[in-house]
Amino acid sequence: MTATTSTPAPRTVLHTPVIEWFEEHARDLPWRRPEAGPWGVMVSEFMLQQTPVNRVLPVYEQWLARWPRPADLAAETPGEAVRAWGRLGYPRRALRLHAAASAIKERHGGDVPRDHAKLLALPGVGEYTASAVASFAYGQRHPVLDTNVRRVFARAVTGTQYPPTATTAAERHLARALLPEDPQSAARWAAATMELGALICTARSPDCGSCPVAEQCAWRLAGSPAHEGPARRGQTYAGTDRQVRGKLLAVLREAHDPVPQSQLDAVWHDPVQRARALDGLVSDGLVEPLAGGMYRLPH
DNA sequence: TAATCGTGGCA
DNA sequence: TTGCCAAGATT
């Protein structure tokens with residue numbers, strides 16, 4: 001077989017335009033700057049889980065200024081982490097980031113581990129975050145499959161408007177097959193495909209006119225067919241336990257002393273749901289019950 | 001596998 | 001206004 005007759009791997013067609021686009025259009029985000037370091041990268045990845053960049057930015061800056069190293073955070077109470085988390089949402093992430101910092105201090109001498117398996121073993125670190133930290137902080141070669149990359153691959157390569165609901169083995173194989181050989185290029189590719197999904201190949205209204213691979217996008221070449229099958233399950237919020245948990249925790253975040261039960265009772269009318277939400281927060285470790293019906297963030 | 005877990009901006 | 005969506009992890 002000769003080079004001229006063999007079919008080029010998809011990555012040889014997509015790499016260059018996507019990475020060149022990234023070189024020119026990448027946002028200057030604080031966790032991408034060299035001074036962020038592995039800890040900055042890890043903090044950003046926790047905060048960015050299901051949370052938009054613009055909401056993360058100010059909290060990230062305050063967090064790193066207050067706790068510049070994992071050991072600094074580990075020296076605090078978990079409640080302070082929950083308080084500093086503010087309104088980012090999913091406050092269990094704050095608890096897990098605090099626990100991860102403690103594990104880094106205890107098991108890794110205070111340094112964010114480089115090894116993917118050791119990253120994966122940290123609280124709150126799943127497959128995506130382990131790969132992202134190893135890739136972005138340490139320049140390693142790992143497939144990084146977040147919601148942006150999955151959407152870009154679904155469109156550009158597979159030819160569908162949206163990826164499957166849950167990540168499939170086929171998607172992982174594809175991500176692996178598209179990964180550049182050398183680690184530095186692989187890390188750049190990961191960041192570039194994420195950025196393309198975040199800025200151009202967006203979920204609702206992709207800006208195909210600005211896309212560096214529009215001419216070879218399988219979805220466009222197929223006529224941009226609409227998504228088949230049922231719409232994604234809506235995440236109703238009003239009236240749910242989640243909303244009640246959020247209101248309860250907001251009271252405790254604002255208070256710097258233990259709060260009496262009566263003050264928590266004021267946030268929701270239904271006592272059954274209120275109690276269930278509070279119990280859930282306690283069992284999650286987000287709220288600490290004290291004697292005499294008092295509550296506070298965990299110490 | 002599917003449900004759960006916050007919050008707020010935008011179409 | 002309502003529903004969709006946002007750099008997932010855990011159980």
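Heavy-atom basis, side chains included; hydrogens, waters and symmetry copies ignored. Below, chains carry the letters A, B, ... as their sequence lines are ordered, and counting in each starts from 1. As the structure is a computational prediction, the values presented were derived from the model and not from experiment.
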Would you please confirm or rule out a distance under 4.0 Å between OP1 or OP2 of C:dA9 and any side-chain N or O of A:Thr129?
-> yes
Report the distance from atom CZ of A:Phe22 to atom C1' of C:dA7, rounded to the nearest whole Å.
-> 12 Å
Using the P atom in both, what is the distance from B:dT4 to C:dA7, to the nearest Å?
-> 23 Å
Within less than 4.0 Å of OP1 or OP2 of B:dT7, is there a side-chain N or O belonging to A:Arg253?
-> yes
Side chains of A:Trp268 and A:Gln273, donor plus acceptor under 3.5 Å = yes
Quickly work out the A:Tyr90 OH to B:dT4 C1' distance and round it to whole Å.
-> 8 Å
Please tell me which of A:Ala130 and A:Thr51 maps to the more 5' nucleotide of DNA chain C, matching each residue to the nucleotide holding its nearest heavy atom.
-> A:Thr51
Determine the contact category for A:Leu88: base if any of its heavy atoms lies under 4.0 Å from a base atom, sugar-phosphate if only primed atoms, P, OP1 or OP2 are that close, otherwise nothing.
-> base
Contact under 4.0 Å: A:Gln50 side-chain N or O vs C:dA6 OP1/OP2 | no
Only residue of A:Asp279, A:Leu248, A:Val82, A:Leu252 satisfying side-chain contact (heavy atoms from CB on, under 4.5 Å) with A:Val287 is A:Leu252
Interatomic distance at C1', C:dC5 relative to B:dC5, whole Å | 16 Å
Taking only the side-chain nitrogens and oxygens of A:Arg55, find out if one of them lies under 4.0 Å from OP1 or OP2 of C:dA6.
-> no
Test item: side-chain donor near acceptor, A:Tyr128 and A:Glu45, under 3.5 Å | yes
Want to settle it: does A:Gly124 or A:Val53 sit nearer the 5' end of DNA chain C, counting the closest nucleotide to each?
-> A:Val53
Any idea which of C:dA7, C:dC5, B:dC5 is nearest the A:Ala203 side chain?
-> C:dC5
Selected nucleotide, minimal atom distance to A:Asp241 side chain, candidates B:dG6, C:dA9, B:dC5 = B:dC5
When the C1' atoms of B:dG8 and C:dT1 are considered, how many whole Å apart are they?
-> 15 Å
Interatomic distance where CG belongs to A:Asp284 and P belongs to C:dT11 [whole Å] = 10 Å
Starting from P on B:dC5, measure out to CG on A:Leu248 and report it in whole angstrom.
-> 13 Å
Picking from B:dG6, C:dG8, C:dA7, which would you name as closest to the side chain of A:Arg93?
-> B:dG6
Could you check whether A:Gly126 gets within reach of a base, just the sugar-phosphate, or nothing at all, counting any heavy atom under 4.0 Å?
-> sugar-phosphate
With respect to the phosphate group of C:dG8, does any side-chain polar atom (N or O) of A:Arg150 fall under 4.0 Å of OP1 or OP2?
-> no
Quickly work out the A:Tyr237 OH to C:dT1 P distance and round it to whole Å.
-> 18 Å
Kindly indicate whether the side chain of A:Gln50, heavy atoms from C-beta on, has any atom under 4.5 Å from the side chain of A:Tyr90.
-> yes
OP1, OP2 of C:dT10 versus side-chain N and O of A:Arg92: anything below 4.0 Å?
-> no
Take atom NZ of A:Lys247 and atom C1' of B:dG8, then tell me their distance rounded to the nearest Å.
-> 13 Å
N-O pairing of A:Arg274 and A:Asp265 below 4.0 Å | yes
Quick one: label A:Arg87 by what it contacts on the DNA or RNA (base, sugar-phosphate, nothing), any heavy atom closer than 4.0 Å.
-> sugar-phosphate
